[in-house]
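First listed ligand is number 1; within each ligand, the first listed atom is number 1.
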Amino acid sequence: MSAPLYQRYNQSIPRYTSYPTVPHWEAWQHYQEWQDQLALQAQKAKDGIAIYIHLPYCEHLCTYCGCNKKITTNHRVESPYIDRLLKEWHLYVQAFAGNTITISELHLGGGTPTFFAPAQLKRLIEGIFAEATAHPELEMSFEGHPNNTTQEHLQVLRQLGFNRVSFGVQDLDAEVQRLIARIQPLENLVEATENARRLGYNSVNFDLIYGLPLQTPGKLANTLREVIALRPDRVAFYGYAHVPWKSRSQRLYDESHLPSPAERVALYEQGREAFLAAGYEDVGMDHFALPNDSLLIALHNKRLHRNFMGYTANATPLLIGLGVSAISDLGTAFGQNSKEIAQWERMIDAGEFPIDKGLVLSQDDRIRQKFILDMSCQGSVALPAHWEFETHQRRLLQQMVADGLLEQQQNRLQLTPTGKLFTRHACSLFDAYLAPEGTSSLKRFSQAV
Ligand code: SF4
């Protein structure tokens with residue numbers, strides 16, 4: 001990519017795992033509002049819901065981390081946390097008021113789900129399914145830390161129906177790992193990957209990060225070589241999000257350790273080229289997959305969907321988030337649980353939905369949400385006649401067309417192959433909440449590239 005291009009588009013833009021994006025949600029006045037929204041959607045529970053469960057504990061702090069987590073080596077926290085997750089699930093079961101609940105997707109994220117003992121995870125999953133039925137095409141996945149995902153974790157979760165595991169690799173270079181305080185030898189990743197395959201997981205995914213402190217093209221080349229040799233089915237190649245105003249641990253290293261914006265773009269391009277050369281296809285927004293992966297099939301069949309968990313091959317009518325900071329999407333409203341463990345616990349103990357903030361979508365939000373989903377999942381949008389862009393968005397559109405990133409034919413906007421790298425910018429053309437760069441009301445997001 002030419003230097004002027006990345007300079008021109010070197011802006012802070014949301015990742016659009018939701019629209020409207022989380023910084024624009026507001027505090028719920030009372031949990032009853034959430035219950036009312038749920039009651040309106042209750043009959044959709046039979047059509048196959050997705051469940052995301054947030055397991056926030058980690059034994060060690062990785063300094064680059066921007067997730068909602070709690071660092072502890074005290075494993076006595078496990079059992080009460082699982083008890084409360086099951087109580088929270090039961091609140092939803094009651095709100096669905098006798099409607100059949102069918103689960104078509106379930107994901108354990110964190111934090112570190114494998115911080116929890118296999119027996120605790122078994123208790124959690126069995127408790128969830130005690131009050132729901134499994135969709136025939138149920139997909140179950142979890143995030144595994146290569147350092148503590150044991151053979152027993154993999155075995156127990158596989159027996160419970162988990163068929164996908166995602167390992168956080170980030171970078172395999174020892175110097176980078178030291179600075180980000182995530183020491184994980186390659187042998188641990190190899191062992192966890194081989195164990196998962198032997199036990200019958202049909203998809204092993206890796207998460208990698210570009211733009212980490214001390215990362216160089218040479219170091220990244222070594223990581224890419226080792227990773228590609230292990231042949232993960234999917235790779236998420238995320239840009240490091242430097243948000244020290246939100247994540248205090250990111251202040252533990254000097255910003256001079258970070259690659260410059262130009263170096264960061266070069267690292268992304270290096271990774272992208274390596275994956276494409278190795279037979280992976282670009283799904284969109286930093287995701288690559290081997291041919292025949294369900295994400296690619298969904299992409300080609302125009303069924304690809306995007307939610308808080310990233311890209312998915314199934315669009316479910318409801319996404320229920322359980323656990324501290326988890327996000328739910330009811331189609332008509334979003335809600336996020338409290339980010340404070342103590343408050344989440346208090347609300348569950350009081351028999352209340354622990355929703356802290358959210359938003360009921362307006363008609364305009366829903367129209368724009370569809371455009372943003374079409375752009376991020378299909379790379380194109382069919383605009384209604386007489387659609388009016390705001391002045392700054394019209395300017396961005398003209399710029400993207402002039403730069404060969406978007407093509408406009410009558411009422412259709414289409415990302416070009418180069419433009420795919422700027423999907424976030426193309427989505428922002430429809431974001432009514434995103435103020436122009438340089439204005440004081442602009443919320444702070446990570447860099448788009
Ligand atoms: S990166 Fe993952 S393992 Fe590390 S602190 Fe954050 S949530 Fe925990």
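When non-hydrogen atoms are compared, ligand 1 lies under 4.0 Å from the side chain of C58 (C-beta onward) but not from its backbone. The part of H60 lying near ligand 1 is the backbone, judged by heavy-atom distances below 4.0 Å.
Looking at atom 6 (Fe) of ligand 1, its nearest protein heavy atom turns out to be C65 SG, 2.3 Å. Among protein heavy atoms, the minimum distance from atom 5 (S) of ligand 1 is reached at C62 N, 3.5 Å. At the top of the distance list for atom 2 (Fe) of ligand 1, counting protein heavy atoms only, stands R182 NH1, 3.9 Å. For atom 1 (S) of ligand 1, the closest heavy atom belonging to the protein is Y64 OH, 3.3 Å.
For R164 (side chain) and N205 (main-chain N/O), no donor-acceptor pair under 3.5 Å exists by modelled atom type. Without hydrogens or angle criteria, Q177 side chain to Q184 main chain gives a donor-acceptor distance under 3.5 Å. Here the side chain of E139 pairs no donor or acceptor atom with the backbone of E105 at under 3.5 angstrom.
Taking every heavy atom of T112 and a limit of under 4.0 angstrom, the matching atoms of ligand 1 come to 3 (S), 8 (Fe).
There is a side-chain donor-acceptor pair under 3.5 Å between H75 and E59. Side-chain contact, Q369 with R366: no donor N or O sits under 3.5 Å from an acceptor N or O.
In this structure, G111 counts as a contact residue of ligand 1, since one of its heavy atoms falls inside 4.0 Å of the ligand.
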Stepwise side chain to side chain donor-acceptor pair (under 3.5 Å) test for H153 and T150: CA-CA 5 Å; H153 277 114; T150 63; 2.9 Å; yes
